Amino acid sequence: MLRVLGLIPARGGSKGVPRKNIRLLNGKPLLAYTAESALAASLLSRVVLSTEDNEIAKVGEELGLEVLQRAPILAEDTTPMLSVVLDAVRRVEQSGDFFDAVCLLQPTNPLRRSADIDSCIKLLDSSKADSVVSVLPVPHLYNPKWVYWGNTDGTIALSSGESEPVSRRQDLPSAFHRDGSVYVTRRDVLFEFGNLYGEKVLRYEMDERFSVNIDTLDDWHAAEQMLPAATLFRADTKSPSTDAGMVGNN
């Protein structure tokens, strides 16, 4: 079985929902949900939180996470996620700890289960793929075979490059979009290809009940509505204790 590093990136800056990583979502910090699923995943060998923010670091420690303090330059609005991942990998390797793969777990996807994490790792381990990415189906109305690009002259052209669209819904090919819950990438792929994907990417289809990506306040409100039902079906077997008082500026 692969040795996998679980990485939770949580910076202090946030435009859509200020201080969202430690803002209370249904009674506990947003970060707590990802901490719970990561610590409950049986196939993560080590879980670290990468942050430049002291308050987030304190909350992370109280949730049972190991904290890697990253430089502020790696927490700017324009900082690529790959830079954060590579920084974490280099730092754990400098301490003499080495991993076959990295599992990126963003706090903005609070509904993902430990079972989703373990399933993605098993899928990568049993294949020769470079990475596994969690996805959701694209509604047929937005299938690439039916989507048009808009041109500056007012004309449209199929995104597929074909001259006419597929005529029947039943003939549309399967299409998916990333949901952001889980990315598992082989360590060497990160450095060789300079991205989270490599050349061969396998999909892991998420259950829609456990998928929400929080970028805006509307997303936040959607997560509040989804959490009670999602909690009933969660398969996590353990979770760290949380304190409703652990919250920063709303």
Side-chain angles (χ1 to χ4, degrees), residues 1-11 31 33-51 60 65-71 74-75 79-138 174-207 210-211 213 235-236:
M1 179 59 67
L2 297 173
R3 193 158 191 269
V4 182
L5 173 68
L7 174 61
I8 303 174
R11 68 188 185 97
L31 177 60
Y33 295 94
T34 294
E36 290 173 2
S37 61
L39 294 174
S42 61
L43 298 183
L44 289 178
S45 303
R46 180 177 173 184
V47 179
V48 298
L49 168 68
S50 171
T51 186
L65 296 173
E66 175 188 350
V67 177
L68 289 180
Q69 286 276 0
R70 64 172 124 139
L74 290 176
T79 300
M81 182 58 70
L82 179 67
S83 298
V84 177
V85 175
L86 295 181
D87 173 69
V89 172
R90 291 188 181 104
R91 292 176 64 187
V92 297
E93 289 184 349
Q94 286 172 359
S95 68
D97 205 2
F98 297 89
F99 296 87
D100 302 302
V102 176
C103 180
L104 178 65
L105 302 167
Q106 301 178 102
T108 45
N109 297 75
L111 302 187
R112 122 222 339 108
R113 303 163 296 169
S114 60
D116 297 315
I117 298 171
D118 285 339
S119 293
C120 288
I121 294 172
K122 288 178 182 177
L123 188 56
L124 184 66
D125 185 61
S126 64
S127 72
K128 294 184 179 180
D130 293 328
S131 62
V132 174
V133 175
S134 61
V135 299
L136 287 174
V138 172
S174 298
F176 303 89
H177 67 88
R178 299 170 302 166
D179 91 307
S181 293
V182 186
Y183 298 81
V184 187
T185 311
R186 295 186 189 275
R187 182 268 181 207
D188 292 345
V189 167
L190 293 168
F191 288 89
E192 180 181 349
F193 290 92
N195 59 50
L196 296 171
Y197 309 100
E199 293 182 336
K200 183 177 181 181
V201 184
L202 290 182
R203 70 177 187 267
Y204 172 77
E205 293 187 44
M206 289 287 291
D207 185 322
F210 308 112
S211 178
N213 193 332
D236 295 343

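Every heavy atom of this structure was used, including side-chain atoms; hydrogens, water molecules and symmetry mates were not. Owing to the predicted nature of the structure, the values given are computational and were not obtained by experimental measurement.
Residues Ser134 and Ser181 come closest through the heavy atom pair OG-N, 3.3 Å. Summarising the geometry of Pro137 relative to Glu205, their closest heavy-atom pair is CG-OE1, 4.3 Å, with the distance given to 0.1 Å. Listed here is the closest heavy atom pair of Ala75 and Arg70: CA-NH1, 3.8 Å. When all heavy atoms of Asp179 and Asn213 are compared, the closest pair comes out as O-ND2, 3.6 Å. The shortest heavy-atom contact between Ser37 and Ser114 is O-CB, 3.4 Å. Here the closest non-hydrogen pair linking Pro107 and Leu31 is CG-CD1, 4.1 Å.
Between Thr34 atom OG1 and Gln106 atom CD the span is 9.0 Å, to the nearest 0.5 Å. Taking OG of Ser45 as the start and CG of Leu5 as the end, the distance is 8.5 Å to the nearest 0.5 Å. A distance of 9.5 Å separates CZ of Phe193 from OG of Ser131, quoted to the nearest 0.5 Å. Interatomic distance, Leu68 CG to Leu49 CG, rounded to the nearest 0.5 Å: 8.0 Å. In this structure, OG on Ser119 lies 7.5 Å from CZ on Arg113, to the nearest 0.5 angstrom. One distance of note links OG1 of Thr185 with OH of Tyr197; it measures 8.0 Å at 0.5 Å rounding.
In this structure, the side chains of Val184 and Leu2 stay at 4.5 Å or more apart for every pair of heavy atoms. You'll find the side chain of Leu44 reaches within 4.5 Å of the side chain of Cys103, heavy atoms only. Using a 4.5 Å cut-off on side-chain heavy atoms (C-beta onward), Met81 and Pro9 make contact. Using a 4.5 Å heavy-atom threshold, the side chains of Leu202 and Leu124 count as separate. Between Phe191 and Leu86, the closest side-chain pair of non-hydrogen atoms falls below 4.5 Å. In this structure the side chain of Leu39 reaches within 4.5 angstrom of the side chain of Leu65, judged on heavy atoms. Side-chain contact between Tyr204 and Val182: absent, with no pair of heavy atoms (C-beta onward) separated by less than 4.5 Å. Side chains of Leu82 and Leu190 form a contact here, defined as non-hydrogen atoms less than 4.5 Å apart.
Listed by first then second residue, pairs satisfying side-chain hydrogen bond (donor to acceptor under 3.5 Å, both in side chains) with a partner in residues 87-103 read Arg3-Asp97, Arg46-Asp97, Glu93-Arg187, not counting sequence neighbours. Applying the salt bridge (Lys or Arg N to Asp or Glu O under 4.0 Å) rule to pairs touching residues 189-201 yields nothing, sequence neighbours excluded.
Using a 4.0 Å cut-off between a side-chain N of Lys or Arg and a carboxylate O of Asp or Glu, Asp125 and Lys122 do not qualify as a salt bridge.
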Exercise for review: Could you check Ile117 against Leu43 for side-chain contact (heavy atoms from CB on, under 4.5 Å), going step by step and ending with a plain yes or no?
Suggested key: CA-CA 8 Å; Ile117 298 171; Leu43 298 183; over 6 Å; no
Check your understanding: Would Leu7 and Ser50 satisfy side-chain contact (heavy atoms from CB on, under 4.5 Å), going step by step from the backbone distance to the final call?
Key -> CA-CA 7 Å; Leu7 174 61; Ser50 171; 3.9 Å; yes
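Partner of Arg203 under the side chain to side chain contact (heavy atoms under 4.5 Å, CB included) criterion, chosen from Leu123, Val135, Leu136: Val135.
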